[in-house]
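This chain uses plain numbering: 1 for the first residue, then up along the sequence.
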Amino acid sequence: MAEKRYEKRHKKRLQIRFGRDEVKRMAFTSDLSSGGLFIITGQPEVPGKHIRLELTLPHEDPIVVVGQVRWAKKVPGNLLRLAKKAGMGVQIKKFEQGQELFARYLASL
């Protein structure tokens, strides 16, 4: 049975950096909620892996999060713009920095 989501999702394109140990790769979000977010990328991480995320809000300090990849859809880079939902869904596990800032930002949407 599919897991039910109760958090409101907000369609928002924000710059994000991510990686397993270091936040080296850059991408963009497609939507976000208090429990997770979707990252548009042609090279998603493997489901089950924990990754570090740095989410950049306009005119604010970065929000640093540890998340777990819940699902991923990999597509070739040249088809990334054409593919629907190419990337990965990430569940937020722990905030390292900016939890209150993230909550205020979501409330403002």
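Considering every non-hydrogen atom in both I92 and V65, the closest pair reads CG2-CG1, 3.6 Å. Taking both residues in full, the closest heavy atoms of P47 and A72 are given as CG-N, 4.0 Å, listed atom of the first, atom of the second, then distance.
Rounding to the nearest 0.5 angstrom, the gap separating the CE atom in M88 from the CD atom in Q68 is 12.5 Å. Atom CG of L55 sits about 9.0 Å away from atom CZ of F95, to the nearest 0.5 Å. Separating the OG atom in S30 from the CZ atom in R9 is a distance of 9.0 Å, to the nearest 0.5 Å. Rounded to the nearest 0.5 Å, atoms CZ (R52) and NZ (K24) are 13.0 Å apart. Taken from CG in L109 to NZ in K11, the straight-line distance is 13.0 Å, to the nearest 0.5 Å. Atom-to-atom distance recorded for E96:CD and E54:CD is 9.5 Å, nearest 0.5 angstrom.
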Please set out all donor-acceptor pairs under 3.5 angstrom arising from side-chain atoms of residues 56-63, sequence neighbours excluded.
none

Could you pull out all donor-acceptor pairs under 3.5 Å where a side-chain atom in residues 12-21 meets a protein atom, sequence neighbours excluded?
from, atom 1, to, atom 2, distance (Å)
R17, NH2, V23, O, 2.9
R20, NE, E45, OE1, 2.7
R20, NH2, E45, OE1, 3.1

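In this structure, the side chains of L53 and V90 come closer than 4.5 Å at one or more pairs of heavy atoms. With contacts defined as side-chain heavy-atom distances shorter than 4.5 Å, the pair I40/T29 does not qualify. You'll find the side chain of W71 reaches within 4.5 Å of the side chain of F38, heavy atoms only. Looking only at side-chain heavy atoms (C-beta outward), H50 and K93 come within less than 4.5 Å of each other. Looking at heavy atoms from C-beta onward, F102 lies in side-chain contact with L32 at the 4.5 angstrom threshold.
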